[in-house]
Amino acid sequence: MLTVKLFAALRERLECASLTVDATGISRVSELKQVLAARSPKWQRELSHNDVLCAVNQQLAASDMPLQAGDEVAFFPPVTGG
Amino acid sequence: MLTVKLFAALRERLECASLTVDATGISRVSELKQVLAARSPKWQRELSHNDVLCAVNQQLAASDMPLQAGDEVAFFPPVTGG
Amino acid sequence: MQPRIQVQTTDFELSEEYQRLRDNPACGAVVTFTGLVRELVQGNLTGMTLEHYPGMTESALTDICQQAAQRWELGSITVIHRVGSLGLNDQIVFVGVAAAHRQAAFMAAEFIMDYLKTRAPFWKQEHTTAGSYWVDAKTKDQLAAARWHTSEAEG
Amino acid sequence: MQPRIQVQTTDFELSEEYQRLRDNPACGAVVTFTGLVRELVQGNLTGMTLEHYPGMTESALTDICQQAAQRWELGSITVIHRVGSLGLNDQIVFVGVAAAHRQAAFMAAEFIMDYLKTRAPFWKQEHTTAGSYWVDAKTKDQLAAARWHTSEAEG
């Protein structure tokens, strides 16, 4: 399984903070995004924004980052702390 | 009269913190320096250092700054505060 | 050098953090930055909520401090970031750097703030009399952080 | 904006100065710089004496703060400089700047320190186990101050 986390505006708009996804057939972040986008047009739309950031195991990661079962993958809008 | 003040290493080496000089015939800082340099070879030497700074009425000033009776003129080494 | 990193809902005391930073006889310079909740230009802000990504936050801040310590000679670094509900004029973030020389302390504090603003997983939601809004990321902050990549390439 | 300028033999409290600076709802950023008496590399410093030019000191510091306020949008500025006898790790100088945005606060604090180091009439005499020496002016400080002339010409 992969654990997926969502934060801030993304969490609010998708009404979901965390879910698990079967890791079978998912080898990269881009493939996980496709699987999530298939859930509904809303997921499709929210995850397709250019500025959505991704972290794999709590490190910022690009779309081609390889994934394996057990990974924690987070999607979130640009950060605005400080 | 002109009031002359000396600070820090310059005050110590010339063993003088303050003196007054007759303003007659002194129209610029450079002329005051010549009058002071005539006091002794030590004064001549100390005031001829390139890095000696000058303030007229408590504002940094160049050698060609005009002077008039009543002015306060200070000579001092480069500043080292902060 | 082990940075002091705190992510907390409670407030912090600048004087305590400063005492910790200055307690190093080799350091001649301490620079502190404090970020505060300020009034919006429209003047209708009532407060804000800060969300974060627990776990990633601490590791991102530690990583930023370690990068600063590689770039400049530093004595100690403290970063505190608050999360949860904050009111007007409340303290949000503290960055403190002690170093032998002032240039290193200033540069490191600015660098840490610029990187924190663009790389640490915090999100601000502003509460106003007209509703609650997630704060948009600022291009200005992206540009501020990008300055340091350039000097990295040049160095 | 009227800067707060203090030249004093007594110590100062960072927390009091900070409270004064942050007490402005339009300011989202407070940057402080504190300069401390640090150990010499040789490790034989016992203390120092700071001489100044009373009257000129205050007007030079006021002038530097006014220049900073012309260059950046600032909420308030405090500059405190101690004179007289100081021991190891004692506080020498404080510069605090509050502003709406962090870039202005950082830049102004650095600018004030760079100008203070090269234009305000203070002189340090270090006391060591081997005798007392007037500190030499540093080329590094002249170069740091010169950066701001360049950006003046460019701006």
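Below, chain A is the first sequence line, B the second, and so on; all start at residue 1.
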Check: Looking only at heavy atoms, which two atoms of B:Thr80 and D:Val135 are closest? And how far apart?
Finding: CG2-O, 3.3 Å
Item checked: B:Gln59, CD: over 12 other non-hydrogen atoms inside 6.0 angstrom -> no
Notebook entry, point to check: Is it the case that more than 12 heavy atoms not belonging to D:Glu73 sit under 6.0 Å from its CD atom?
Noted result: no
Next item on the list: Report the relative orientation of the aromatic rings in D:Tyr53 and B:Phe76; use parallel for angles under 30°, tilted for 30 to 60°, perpendicular for over 60°.
Entry: perpendicular
Notebook entry, point to check: Where is the tightest heavy-atom contact between D:Pro54 and B:Phe7, given as atom of each residue plus distance?
Noted result: CD-CE2, 4.5 Å
Check: Quick one: what part of D:Gln142 sits under 4.5 Å from any heavy atom of chain B, side chain, backbone, both or neither?
Finding: neither
Check: Is atom NZ of B:Lys42 surrounded by more than 12 heavy atoms (other residues, nucleotides or ligands) closer than 6.0 Å?
Finding: yes
Note to self: Taking side chain as everything from C-beta outward and backbone as N, CA, C, O, which of these in D:Asp141 sits under 4.5 Å from a heavy atom of chain B? Side chain, backbone, both or neither.
What the structure shows: neither
Margin query: Shorter than 4.5 Å, heavy atoms on both sides: which option in D:Arg119, D:Met113, D:Met56 has the most such pairs with chain B?
Written below: D:Met56
Note to self: Looking at every heavy atom in both B:Gly82 and D:Val93, which two are closest together, and how far apart are they?
What the structure shows: C-CG1, 3.6 Å
Margin query: If you count heavy-atom pairs within less than 4.5 Å of chain B, which of D:His52, D:Arg82, D:Lys138, D:Lys124 leads?
Written below: D:Lys124
Notebook entry, point to check: What pair of heavy atoms forms the shortest contact from D:Trp123 to B:Val79, and how long is it?
Noted result: NE1-CA, 3.7 Å
Next item on the list: Mind ranking B:Pro78, B:Ala55, B:Ala9, B:Ala74 by heavy-atom pairs under 4.5 Å with chain D and telling me who comes out on top?
Entry: B:Ala9
Next item on the list: Give, as side chain, backbone, both or neither, the part of D:Thr118 having an atom under 4.5 angstrom from any heavy atom of chain B.
Entry: backbone
Margin query: Report which part of D:Ala120 has an atom under 4.5 Å of a heavy atom belonging to chain B: side chain, backbone, both, or neither.
Written below: backbone
